[in-house]
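One structure is given here, and the rest of the page talks about it.
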Amino acid sequence: MAKKTTATKATPAKAPARQETMTLIDNRNGKQVTYPILKGTVGPEVVDIRKFYADTGLFTYDPGYGSTGSCTSTITYIDGEAGVLEYRGYPIEQLAEKSHFLEVAYLIINGDLPNARQQAEFEDSITHHTMLHEQMQFFFRGFRRDSHPMAVMCGVVGALSAFYHDHMDFSKPEDQMIAAHRLISKMPTIAAYAYKYSQGQPFIYPRNTMNYTENFLHMVFATPCEDYKVSPVLAKALDRLFILHADHEQNASTSTVRIAGSSGANPFACISAGVASLWGPAHGGANEAVIAMLTEIGDKKRIPEYVKKAKDKNDPFRLMGFGHRVYKNYDPRAKLIRQTCYEVLEEVGIKKEPLLELAMALEKVAIEDDYFIEHKLYPNVDFYSGIIYRAMGFPPPMFTALFAIARTVGWIAQWEEMLTDPETRIGRPRQRFAGPTTRNYVAMKKRK
Ligand code: ACO
């Protein structure tokens with residue numbers, strides 16, 4: 001891997017000197033257009049086509065943005081071919097082993113690892129913003145008991161904008177920081193309340209004596225009837241999962257947050273949009289879908305049948321938890337999550353977990369299959385995480401809510417980076433129009 005410079009917070013890296021260019025010829029008229037090639041610190045270079053429409057009258061066409069860089073970022077680097085993931089230059093494996101979620105959150109938001117004082121101040125601020133405005137409880141009560149937690153989170157996270165509007169000048173770093181801290185602090189409380197409400201149990205208030213992940217587990221699983229002791233092994237495992245889910249550069253939900261925020265929208269509303277995007281089964285909702293798929297498969301004997309279905313172009317079925325837009329190799333997060341599975345299963349006393357055995361057998365069959373090899377389809381972050389969450393006692397509809405807690409850190413860091421980037425413009429893609437050309441309005445009585 002090429003050597004990189006250390007990323008720092010401030011504004012995204014300035015475009016380096018434009019030395020190299022790309023020339024394109026429009027074969028319709030022979031016109032040549034030349035565009036600068038911008039280098040990053042590592043990874044593919046980008047062609048700066050901002051003047052392309054003005055020069056040619058053409059739009060580029062890239063549904064799904066497979067070849068489009070939408071911004072300059074200094075936060076997360078992925079090498080999908082090599083299976084590399086780094087936050088601010090630090091390999092995910094090192095962070096998962098040596099760090100903890102709030103330290104990683106500080107790193108992602110501020111650009112560098114904190115010193116002891118910075119970490120203590122940050123943790124103190126996050127710990128002291130975990131309570132929700134008491135009136136927000138009425139929001140929860142307005143939902144049906146069987147509402148999906150992600151539906152509740154979309155609504156309640158957006159509603160934060162109505163409750164916390166005392167620091168709303170988001171051009172000021174201080175107001176950005178307050179919004180960031182509020183979101184990171186309150187997301188676990190919102191997710192825990194969504195769970196409690198679905199169970200018909202009383203909400204458990206946050207406890208400032210516990211760390212971030214312990215406090216979340218306590219809010220989810222404690223009841224007022226008896227003492228609940230948080231297992232340090234489970235808290236550590238969940239904390240590691242939060243680290244692994246904290247950011248992933250310009251994925252669907254992050255791009256949603258950025259594009260929503262590019263209009264100057266309220267950050268709580270932007271993060272609510274991110275939650276909505278994450279919920280989809282092609283994105284963060286895959287962790288819930290994997291458990292549903294494994295339960296449906298049910299037996300190792302049926303694996304070939306489902307692998308065959310996944311390869312059949314006439315069948316919409318896909319192996320959930322497999323494949324990724326960027327990783328064309330094993331997702332490094334999936335490897336780390338698979339290791340964590342064993343620790344969690346041992347802690348909760350599950351000697352034999354049929355779903356884990358089934359998942360591993362499915363992975364083995366799939367990664368040795370020509371179709372999956374040719375298409376470079378490997379297990380992604382969502383393939384094993386549900387097995388851990390289930391063993392911890394979370395019902396499948398909560399899985400994506402856990403993802404949302406962790407990804408809030410990435411969303412908010414990317415939102416702040418977008419706001420402070422002088423090159424940011426309102427996100428506004430164009431289209432190839434293929435609808436009817438101009439036609440005259442027809443009165444109702446003359447329509448067929
Ligand atoms: N099972 C079977 N075939 C697959 C799968 C899969 N899980 N994923 C991709 N393919 C095939 C496609 O059919 C396509 O084949 P073709 O080229 O022969 O037509 C090819 O691989 C490329 O697939 P695309 O959908 O074009 O790839 P894209 O980058 O757009 O999609 C995605 C990536 C959405 C993750 C896809 O792999 C998928 O649907 N996976 C299952 C859902 C999932 O696990 N999502 C979680 C992703 S991680 C995250 O977001 C947190």
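Indexing begins at 1, ligand by ligand and atom by atom, following the structure's order.
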(request) Name the orientation class of the two ring planes belonging to His324 and His248 (parallel below 30°, tilted from 30 to 60°, perpendicular beyond 60°). (result) perpendicular
(request) Please confirm whether Arg432 makes a cation-pi placement over Tyr61, using NZ or CZ under 6.0 Å from the six-membered ring centre and within 45° of the ring normal. (result) yes
(request) Might you list the protein residues in contact with ligand 1, defined as having a heavy atom under 4.0 Å from one of its atoms, sorted by chain and number? (result) Pro281, Ala282, His283, Ala286, Ala310, Lys313, Arg318, Leu319, Met320, Gly321, Phe322, Gly323, His324, Arg325, Tyr371, His375, Leu377, Asn380, Val381, Asp382, Phe403
(request) With Glu214 as reference, evaluate Val230, Leu234, Asp239 under the side chain to side chain contact (heavy atoms under 4.5 Å, CB included) test and give the passing residue. (result) Val230
(request) Determine whether more than 12 heavy atoms belonging to other residues, nucleotides or ligands lie under 6.0 Å from atom NZ of Lys309. (result) yes
(message) Taking ring-ring contact (aromatic ring centres under 6.0 Å, His included) as the definition, give me every residue that meets it alongside Phe101, ordered by chain and number, with sequence neighbours left out.
(response) Tyr212, Phe242
(message) Could you check whether any side-chain heavy atom of Leu160 comes within less than 4.5 Å of a side-chain heavy atom of Arg182, counting everything from C-beta outward?
(response) no
